[in-house]
Every structure is written in structure tokens, then in C-alpha cells.
Novice: 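First the structure, then my questions, so here it is.
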Amino acid sequence: MSAIRLRFAPSPTGYLHVGGARTALFNWLLARKLGGTFILRIEDTDVARSTEESVNAILEGMKWLGLDWDEGPFFQSDLFPVYREYVQKLLEQGKAYRCYCSAEELEAKRERALAEGRKPKYDGTCRGITHEIPGKPFVIRFRAPQDGVTSFDDLVKGPISFNNEELDDLIIQRTDGTPIYNFTVVIDDATMKISTVIRGDDHISNTPRQILLYEALGFPVPRFAHVPMILGSDKARLSKRHGATSVMAYRDMGYLPEAMVNYLVRLGWSHGDDELFSREELIEKFTVEAIGKSAGVFNPDKLLWLNAHYIKSGDPTRLAELLLPFLLERGVDPAAGGPELATAIVTLQERARTMLELADGALFYYRSEVCYDEAAAVKQLTPTQLPHLTAFARQLASWDDMTSAGVEALFKEFCAAQGIKMGMIGPSVRVALCGVTTSPAIYDVVAVLGREETMGRLERAISFITDRPE
Ligand code: GLU
């Protein structure tokens, strides 16, 4: 058997939706697992709705998720001559015909059918017309079989059959000469030798029509795997009203691509009770057979949990690269001074659930002019604390070991010498250094800031207390 060929075929009419991203991911995983080929095809035949901006958004989303493609991106708008050629072939073989019915006529017939309780279906008025009618606009319809059954064995849903009687004589080319999705998708999947089509189950009703076209054109029919839709918490199809549905919006909200990938794959695929999968594990374990038959419900809490996991366990140097834009956005450039970002991240990654939280948490390291939280200052930067802070600063000035463990030893020695408890100095130092009462472990903060910066901040806090009117 030749190697598997898969594709992701988005229509560029918006952004990369989480549902589309999951479809892309499933295709990509299977291609990588089986050493196959993953193709990206942009379905932009709907010229009015397709935009370059949207194409870029899709490419950006794919790159962010690390879903690299082996062929493409192909654009259907470049392939109009190919489609026309195949339309011509079907016309010549009598498998397609020109339909001159006007939109008004069709609409009237549709309404009549509905009024009489019949399912609206093209009535075949133009099926028998063999000559061209000059000057009259026409669409081209596929001459679909009137009886029989079209079946396929869906890799996710199992055997599915449609009565051909139910299927219309599909329009394959519009009056303006542009081809229709159900036709272009068949031509492309066939000529690009796609062997398995994994896509959303909103396309299930298109599949029998497409199979009939494959057969009419003499192409082998690919295998199909229709993946259930993603639902919102109210079990309605996931939409904007449930929250962000654009993959890139999640990046902007501080999610890591590995969290998104791990989250998306589990929305419709499972491997026992496992929740955490590295990319390598996914490639190894992914199978189409384990895609669930029922729809996944989008759960933002779980995504957040995964994100926290990947931040906590992430490589600080890589997190630093990803964090930089968020810091720059906040007016902080670590390159301009302050601790090395990766070092600062080590003290913060345990607790941050998103890159936004990580960025916000890192700000104090780069802002010497600490802005004291009012309540924290009232409690910790008081005249009572003044002697402790002053004595601590003095001891720090001659302290050599500025590792986290060394700083811990300093605090211990200081407390013992002063006969005070850690609670009488730690919180004040914390507010002096960070401005707030919550921060990473104080020993880590001092170690990361270094002696000079810590001294500067202590002195500022001391002046703040001294200058503050009683
Ligand atoms: N362009 C179609 C869509 O975005 C893709 C359909 C398919 O995968 O066959 O829904």
C-alpha cells in the first residue's frame, strides 16, 4: 500500500477556528505517525468571502501550533482551468448538463414543494436539453443517479448510506462560470491523491454527492473519517458566544501551543484515561479508530489546567522567548537591564497559569521603582519595621552567598541575631522588593534581583517609611 496522503482544506473566510485546528491536527498526526504526506489546501473559490488576511491568519495559526505541511499551500483560485476541464469532460460524457432554470423559477418550485409538504429537489426540467441555448445564462448540474444507494464505511462513524433519490442534481458550476465546493473538493482530493479525508461531520451529507462525482469521473474514492463537532458547555455548537473560538486568540490570552495541541487532541480522541501527551507521544499513540463518536464539549477550565501544567514544566529559555512580546507590550524590555528573563521565569512558572499571568508576575523584576500596593504598604512598611529593614540591609551589604540557599541562610542568621521571627522581616522585605504580599519565594526573589538591586529597593522602602507623614 502506498503511503497515506492527508489534507487540511480550510476556507479562508475568517480565522483558524479551534474546530478547524483540531481537524488539521488529526490529519497532521496521522500523516506524521504513518510517514505520510500532509497537504494544505486553501479553498478560496468563494471569491467574495475569501480574504488574504484570513489566509494569513490560517497559516499563522498552523505555524503557531507546529502543524507543518509537506505540500502546498495550494489555492483553489489558481486551479479554475483544471475544474473547467473536468466540467467539460462530464458535459461531453453526458454526466453533466446545462440548466437554464432561473433563480426565480427554482425558488417558486421550491416554495411549491414546501407548501405541498414535499422535500424540495430539482425537478430535472433541463435534464433532457441536449442543445445549447445561446445567450441564456445557465448553471451546470451533475446528472446524479435517480435510484440506488450510495454508501461508505466511515472510519469514525461506521457504515453510512444515503438513498440517491434524496440527492439532487448538484450544481457544479455557477452561472458566472465558477465551480462549487462539492465539485472542486473532489477534483482536488483526487488529483492530489488524497487517500483519507478527515474532516468535520458537518460535511457528512456532502460525502455521498462527492462519492457519486468520484465515480462519474472515474477516480478512486478516498476513505472518510468524519469527526464530531466541538460543542459549548450548553451542548450547542461551539461559537463566539461560548468565548474565543480563534486559535490565535488563545495565544494572545497567554496559552502555549503545546497546551492547545494537547487540549484539542483530547477533544475527540482518547487513549485510556491519559490526559497529558507530548507531541512525540501523540504521534506514537494517535489512531483514527480512537476518535470518539460523540461530540467533545469545550471546557476552558481544562485548557487552563493544561496550560498551567505546560508553563510549570516548560523550559525557561523557551518560555522566555514566548514571554518577550507580552513583556514588551507591558513596556518592559528585559534586554534593557534587570535579571535574565529565564532566571526570573524559574521563580514564577510554578504558579502562573497563563503567559499573561507570567508576564504580570515578572514585571516587578524589571521595575526598580516598585509601586507599593496600598494595603500591603500600610501593613508592612511601617515605622515598627524600620529598624528591622535597616539592620537587614546592613547585613545584606556584607553577605557573599547570593544563591537562593545562601539568601535563606542570611535570613536565618539575621533572625537569630535579632531575636525575631521570619514573619517579622520576610513580609516587609517582600513588599519592599515586589510591592505586594504575594510573590515567588522571597529567597528566590533576592537571589534573582542580586545584592545591588535588592539593596536599592530596600533603601527606597526605608525612605518611603521615613518620608511618610505619621
Ligand atoms: N473548505 C471546507 C471547509 O472549510 C473543507 C471541506 C473538506 O474538508 O472537505 O469546511
Side-chain angles (χ1 to χ4, degrees), residues 4-31 36-59 61-62 65 67 69 71-80 83 150 152 154-157 160 162 170 172 174 178-214 217 219-230 237-239 245-247 264 268 288 291 295:
I4 193 162
R5 289 174 64 83
L6 299 131
R7 50 60 162 191
F8 175 49
S11 305
T13 54
Y15 43 77
L16 181 59
H17 188 277
V18 287
R22 187 190 56 170
T23 300
L25 174 62
F26 284 175
N27 279 287
W28 181 86
L29 281 173
L30 196 63
T37 305
F38 177 55
I39 295 160
L40 179 60
R41 182 173 74 230
I42 306 292
E43 304 213 316
D44 58 349
T45 50
D46 187 345
V47 187
R49 291 179 63 219
S50 304
T51 64
E52 195 182 321
E53 200 188 340
S54 170
V55 171
N56 291 336
I58 290 166
L59 301 184
M62 297 281 287
L65 291 171
L67 306 180
W69 52 92
E71 291 177 20
F74 298 112
F75 291 83
Q76 288 192 323
S77 54
D78 291 336
L79 299 170
F80 282 150
Y83 307 133
T150 300
F152 58 102
D154 194 273
L155 294 169
V156 173
K157 312 237 171 200
I160 297 180
F162 286 84
L170 188 75
I172 56 176
R174 299 182 187 91
T178 57
I180 296 271
Y181 157 73
N182 269 311
F183 183 70
T184 57
V185 78
V186 168
I187 303 300
D188 289 340
D189 284 341
T191 55
M192 294 174 191
K193 302 205 178 333
I194 301 302
S195 51
T196 304
V197 170
I198 304 178
R199 62 184 172 197
D201 69 1
D202 50 336
H203 283 289
I204 275 207
S205 61
N206 286 322
T207 305
R209 306 170 204 280
Q210 292 173 12
I211 290 175
L212 292 173
L213 281 168
Y214 280 103
L217 288 155
F219 291 135
V221 180
R223 310 225 44 196
F224 292 95
H226 286 96
V227 181
M229 295 283 98
I230 301 176
R237 192 170 160 177
L238 187 70
S239 72
T245 54
S246 145
V247 166
L264 287 177
V288 174
I291 295 177

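Whatever order the structure lists them in is the order used to number ligands and atoms, beginning at 1. Model, not experiment: these values are computed from the prediction.
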Novice: Using heavy atoms and a threshold below 4.0 Å, how should the contact between Gln76 and ligand 1 be classified: side chain, backbone, both, or neither?
Specialist: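 The answer is neither.
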Novice: Just by distance, with hydrogens left out, do Thr245 and Tyr15 show a side-chain donor and acceptor under 3.5 Å apart?
Specialist: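 Yes, because at least one side-chain N or O of Thr245 sits under 3.5 Å from a partner of the opposite role on Tyr15.
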Novice: If you measure every N or O of Ala9 against every N or O of ligand 1, does any of those distances drop under 3.5 Å?
Specialist: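 Yes, there is a polar N/O contact under 3.5 Å.
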Novice: Are the charged groups of Arg7 and Asp188 less than 4.0 angstrom apart, N to O?
Specialist: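 So Arg7 does not pair with Asp188 through a salt bridge.
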Novice: Within a reach of under 6.0 Å around CD of Glu71, are more than 12 heavy atoms found that belong to other residues, nucleotides or ligands?
Specialist: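 Atom CD in Glu71 is packed in, count exceeds 12.
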Novice: Starting from atom 8 (O) of ligand 1, locate the nearest protein heavy atom and write down its residue, its atom name and how far away it is, to 0.1 Å.
Specialist: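 Nearest protein contact, heavy atoms only, for atom 8 (O) of ligand 1 is Arg7 NH1, 2.5 Å.
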Novice: Hey, which atoms in ligand 1 end up nearer than 4.0 Å to a heavy atom of Val185?
Specialist: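 Answer for ligand 1: 9 (O).
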Novice: Tell me which one of Arg199, His226, Gln210, His17 gets a heavy atom nearest to atom 9 (O) of ligand 1.
Specialist: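 Nearest heavy atom to atom 9 (O) of ligand 1 lies in Arg199.
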Novice: Against ligand 1, does Tyr181 come closer than 4.0 Å with any heavy atom?
Specialist: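 Flag set, Tyr181 near ligand 1.
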Novice: Which residue is it: Arg41, Arg223, Arg199? I am looking for the one with a salt bridge (Lys or Arg N to Asp or Glu O under 4.0 Å) to Asp189.
Specialist: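 Going through Arg41, Arg223, Arg199 one by one, the salt bridge (Lys or Arg N to Asp or Glu O under 4.0 Å) with Asp189 is satisfied by Arg41 alone.
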Novice: If you count every heavy atom of other residues, nucleotides or ligands that lies below 6.0 Å from Arg174 atom CZ, does the total exceed 12?
Specialist: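 It does: Arg174 CZ has more than 12 such atoms within range.
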Novice: What protein heavy atom lies closest to atom 1 (N) of ligand 1? Include the residue and the distance to one decimal.
Specialist: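 Protein heavy atom with the smallest distance to atom 1 (N) of ligand 1: Glu43 OE1, 2.6 Å.
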Novice: So which heavy atom on Asp201 is nearest to which on Pro228, and how close?
Specialist: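 Minimum heavy-atom contact is OD2-CA, 3.3 Å.
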Novice: For atom 10 (O) of ligand 1, grab the closest protein heavy atom and report residue, atom and distance to one decimal in Å.
Specialist: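 That would be His203 NE2, 2.8 Å.
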